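We name chains A, B, ... by the order of the sequence lines, and we start the count at 1 in each one. It should be emphasised that the depicted structure is a prediction, and the values quoted were computed from it without experimental measurement.
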Amino acid sequence: MCQAGCGDEKIAGGQFPIRCETGVRNVNTELAKAYEPQEVEKRIYDFWMKGGWFHAEPDPNKKPYTIVMPPPNITGQLHVGHAMDETMPDILIRWKRMQGYSALWLPGTDHASIATEAKIVDAMKEEGLTKEDLGREKFLERAWEWREKYGGRIVEQQKLLGLSCDWERSRFTMDEGCSRAVRHVFVKLYEKGLIYRGERMINWCPHCKTALSDIEVEFEEQHGSFWHLRYPLADGSGYIELATTRPETMLGDTAVAVHPEDERYKHLVGKNVILPLVNREIPIVADEYVEMDFGTGVVKITPAHDPNDFEVGKRHDLPIINVMNEDGSINENGGKYAGLPGMEARKQIVKDLEAGGYLIKTEPLTHNVGACQRCHTVAEPRISTQWFVKMDSLAKPAIGVVKDGRIRFIPEERATKTYYNWMENIKDWCISRQLWWGHRIPAWYCEDCGEIVVSETDPDTCPKCGSKHLHQDEDTLDTWFSSALWPFSTLGWPDETEELKYYYPTDVLVPGFDIIFFWVARMIFSGMEHMGEIPFKTVCFHGLVRDAQGRKMSKSLNNGVDPMEVIEKFGADALRMCLVTGNSMGNDVRFSDEKVAASRNFANKLWNAARFIHMNIDGKHVPCVLPEAFSLEDKWILSRFQSVTKEVTENLEKFEVGVAASKIYDFLWDDFCDWFIELAKIRMNGPDQADAQNTRQVLCWVLSNTLKLLHPFMPFITEEIWQSLPHEGEALIIASWPVYDEALHFPEEEREMVKVMELITAVRTRRSEMNVPPSRKAHLYVETGNSAAFEAEREAICRLAYCSGLEIGESFSVDGAVTVVTAACKGYLPMDDLVDKAAEIARLTKELEGAKKQLANAEAKLSNETFIGKAPQNVIDGVKDNAEKLREKVRMIEESLKAFDTGC
RNA sequence: GGGGGCAUAGCUCAGCUGGUUAGAGCGCCUGCUUCACACGUAGGAGGUCACAGGUUCGAGUCCUGUUGUCCCCACCA
């Protein structure tokens, strides 16, 4: 309980004493010298949860501010990339919440159809089970169990990171509402003719046994072979030579193509060749797709297993022979090779070709091979019946809203170019997957009349023939089909909820660059199509988090960083701060323990500043309000605080989160701790009780308000300390964000204080250069035309510049003294025994040269008429001021040198 | 093949629409058992802002080219 009996209770277990409105506090002993985040973070998070401050409701008196979380996959646990995904928005949300917005930070998880299914299949393998053994229903039961287990774990980890999400509104891409939205969209697009089913060339993963969209295929450089083959002409007049990287596909060859202009082969066009091993007669066709310069200029055409060949096949009306099973093995069309797995077939076919004399040579070749994004199995192009979204009409408005600036990308140029490039060349989106875990396609086939029924509700009868024999399409939807609806499906769409009206469109999205096509682009066209409105106003792309050597984090390198370990070791605040300081949007970030340690040190610095203040206010009546009267340094720190408040707010508005963080860091460490606290010590130990009290109040006020600025970045430690200081209001998380106050801006006093600080630094530097220990004090004479600031800070100068005494005046003549010169004054330190006159003269001469050079520079500028004519006034004034200072400095140095000459 | 990023101190990186003397963290060197903090404090060394041109009164910043490096898209069998 508070000594003053105000009844205020402490947040259980805090290291600091009770919080208290009156400012009277218990005297605290035995505070840990180093900040220990583990205990604090847990307790503070509970405190926030109990306070209900993460929850947002539509409120007509407030402006909405919305961020939806990129839903992490439920495949496992959080990695440091997620920490990046989530820290940035959490900073923005906490900031906006403090600014009084109804700030909604909407979390959730993604069912991640293919990724999750693959994991479950792997896990089942260990039990010796396959999907088919279990059957669809049992498999889905397992999947939901998986979701319970891992979805929950992710949320726990996000809480440890300090995310201030509205957990009550947490969503899952396969929950009831999202599933309804998915069906609604599917039916709507189908009815508009924007979803169709058809037989097309698609990418197929033989391992996952499903179709993939184009962007789910990643090209990897592989070392392979280039087999040069000879196909005999049917008329026995010779051979035609060609080369291939996939000899097994020859089983499905239905032609050989050459370029129509190729003189070497013109005479052969129209003739036939005998396909070796298969003995099928296939034509030689002419097609411009063939590049004359590559290989022999002859291409074998396999329309069923190559997208280009498929096109050639269409142009020449070639038969399509599918020779591959779902698992990549050769099917019955492969004759004697039927049943062989792809690689086996390749080996056997090469062997047989060689034996038959059809193999000319084998060359090594590095080429790009498409692989499944999930399992990295080589993807096979394959003809198959799938569902597609027709893209061209959807892409147009999605390009438009970025072009006209309704949606802004950051970094702008880089992101928009990438986006346009993709959107403008977009192909139809293959959305069906031969998987079980996901949204099942809402299409039913009538077994009697063949009618396809696409419906939001499960149909009983065929609307065409009335048959009851309907079966649902076996396939599920691409996992991104549901995440594309995330910004509005999570707000209740297709219902017209209050939330949807209030919070949509959302404000910012903070995704990684890697999902610009998968997710960002698709949300944009979905938002436009279904809501008629953009899904978000700004997209801030962040870069990749790399390891200390700059390598991509990957399982194979085992260089991934577990954010939970980092939090355990350094604290969540340190991790969060580390992820944003010194970074700019869109650029990759290197992660190292040293970097987190730097942020941890900052937390500790803050902790100790608070500890110092507690040592001075505990047990005393210190309200956290500004005093009536300010000293020079009070005005200086308050004025600095105003500037920082203004700048940090502006930086956040421009999403310059890294710059904002460094400004708070510098202010707190350099200005507040290294200068203001040091100055405060003098005043609080001095005889002037009123001034000592004022000092305490200013210390409290500045720290308390700086905590507000820092809170979005380092929420835990700031809340902990803020609660321990005299404060108004329940919690820092809902305190008002500081607003720039002109009444507390003192530019003149700031400049005066800087003069004093420059003198102190100059003296310290000179002493340090001469290796004088702080214990050895020296008298200081300060020569200045304007003594007010130096007089006001007399005590400070003595203490911080290690003076035994201080005299301030217009002119001194001091023998055997070390001289320091700043822009505003000259100081003498009589240290006869330490003064090496020759060295002093050399040093002063060097300094004079430097000053003269700078002065000449400035004067040259000022005498340049075009500069005066064209440069803005503030720049000219700056140069003028600087020249004036330099002239004074030159004069003072010259004077000192003269004194040495005359020996006085 | 097309597009883009990056190149600034020993290392990792900031540097907004061009504007006074280019900054930070870490590392390094030198003082300091100063009554918040050695996860500290006070100083110091260290940069031709990749290279070559150009625009401008003025360029780390804008333009062109060159080199190195990384990424994205396309996918020549």
Side-chain angles (χ1 to χ4, degrees), chain A residues 31 33-35 215 219 226 242-246 249 257 289-291 293-296 298-302 306-309 367-370 411 413-415 417-418 421-422 425 513-514 516-517 543-544 548 550 570 581-584 586-590 592 594-595 597-616 650-651 654 656 658-659 662 665-666 673-674 677-678 681 685 761 764-769 771-775 799-800 802 850 853-854 857-858 861 864-872 874-883 886:
Chain A
L31 269 183
K33 272 191 174 185
Y35 173 58
I215 47 176
F219 286 87
F226 205 31
L242 51 85
T244 180
T245 53
R246 295 194 299 158
T249 61
Y289 149 71
V290 182
E291 303 239 350
D293 312 335
F294 190 81
T296 58
V298 184
V299 186
K300 62 192 252 333
I301 301 297
T302 322
D306 182 282
N308 292 309
D309 292 9
H367 59 147
N368 288 329
V369 178
E413 206 179 291
R414 200 166 8 141
K417 277 187 180 164
T418 310
N421 188 35
W422 189 69
N425 299 298
F513 253 119
D514 51 338
I516 181 167
F517 307 136
L544 218 61
F570 297 101
T581 31
N583 298 144
S584 51
N587 288 333
D588 289 356
V589 180
R590 286 193 200 205
S592 65
E594 288 76 18
K595 259 191 193 170
S599 297
R600 186 268 324 261
N601 293 353
F602 176 62
N604 191 53
K605 185 73 184 174
L606 171 59
W607 178 254
N608 276 290
R611 207 158 66 96
F612 170 80
I613 291 173
H614 272 291
M615 289 170 70
N616 286 282
E650 284 168 1
N651 287 133
K654 291 187 272 181
E656 293 162 357
V659 181
S662 340
Y665 180 104
D666 291 344
C673 290
D674 289 345
I677 287 187
E678 289 310 314
K681 285 176 182 172
N685 292 326
T761 303
R764 283 167 169 176
T765 305
R766 288 296 297 127
R767 292 175 54 104
S768 185
E769 276 168 7
N771 275 323
V772 187
S775 52
R799 181 180 159 117
L800 301 181
Y802 319 107
K853 206 170 154 190
Q854 284 174 30
N857 223 321
K861 256 183 201 166
N864 182 339
E865 278 174 36
T866 30
F867 173 73
I868 296 296
K870 293 192 176 179
N874 65 323
V875 174
I876 297 172
D877 290 346
V879 176
K880 271 186 188 161
D881 281 359
N882 195 37
L886 285 166

Whole Å only: how far is the [atom1] atom of [X] from the [atom2] atom of [N]?
X: A:R414; N: B:rC6; atom1: CZ; atom2: P; result: 6 Å
X: A:R764; N: B:rU30; atom1: CZ; atom2: C1'; result: 16 Å
X: A:D588; N: B:rC71; atom1: CG; atom2: P; result: 10 Å
X: A:E769; N: B:rG31; atom1: CD; atom2: C1'; result: 12 Å
X: A:Y802; N: B:rG31; atom1: OH; atom2: C1'; result: 9 Å
X: A:F219; N: B:rG2; atom1: CZ; atom2: P; result: 18 Å
X: A:K681; N: B:rU41; atom1: NZ; atom2: C1'; result: 9 Å
X: A:I301; N: B:rA77; atom1: CD1; atom2: C1'; result: 8 Å

Residue [X], side-chain atoms from C-beta onward, closest of [options]:
X: A:T418; options: B:rA77, B:rA36, B:rC72; result: B:rC72
X: A:F294; options: B:rG43, B:rC13, B:rA77; result: B:rA77
X: A:F867; options: B:rC57, B:rA36, B:rC37; result: B:rC57
X: A:N421; options: B:rC37, B:rC73, B:rG44; result: B:rC73
X: A:K300; options: B:rC37, B:rU12, B:rA77; result: B:rA77
X: A:T244; options: B:rG44, B:rU20, B:rA77; result: B:rA77
X: A:N368; options: B:rA77, B:rA74, B:rG5; result: B:rA74
X: A:K654; options: B:rC16, B:rU20, B:rA36; result: B:rC16
X: A:Y665; options: B:rG25, B:rU21, B:rC57; result: B:rG25
X: A:E291; options: B:rG31, B:rA36, B:rA77; result: B:rA77

With hydrogens left out and only the distance checked, is there a donor-acceptor pair under 3.5 Å joining A:E678's side chain and the base of B:rA36?
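Yes, the side chain and the base share a sub-3.5 Å donor-acceptor pair.
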Quick one: the side chain of A:R600 and the base of B:rC39, do they pair up donor-acceptor inside 3.5 Å?
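Such a pair exists between side chain and base.
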Report yes if a side-chain nitrogen or oxygen of [X] is closer than 4.0 Å to either non-bridging phosphate oxygen (OP1 or OP2) of [N]; otherwise report no.
X: A:R767; N: B:rG31; result: no
X: A:K605; N: B:rC37; result: no
X: A:S584; N: B:rA14; result: yes
X: A:N608; N: B:rA38; result: no

Write down the distance separating the [atom1] atoms in [N] and [M], rounded off to the nearest Å.
N: B:rC29; M: B:rU21; atom1: C1'; answer: 24 Å
N: B:rC49; M: B:rG23; atom1: P; answer: 14 Å
N: B:rA52; M: B:rG46; atom1: P; answer: 23 Å

Lys/Arg cation over aromatic A:Y665: A:K605, 6.0 Å, 45° cone:
no
Taking the inter-plane angle between the rings of A:F517 and A:W422 on a 0 to 90° scale, is it parallel (under 30°), tilted (30 to 60°) or perpendicular (over 60°)?
parallel
Exercise: do A:K595 and A:T581 side chains pair donor with acceptor under 3.5 Å
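Short answer, no.
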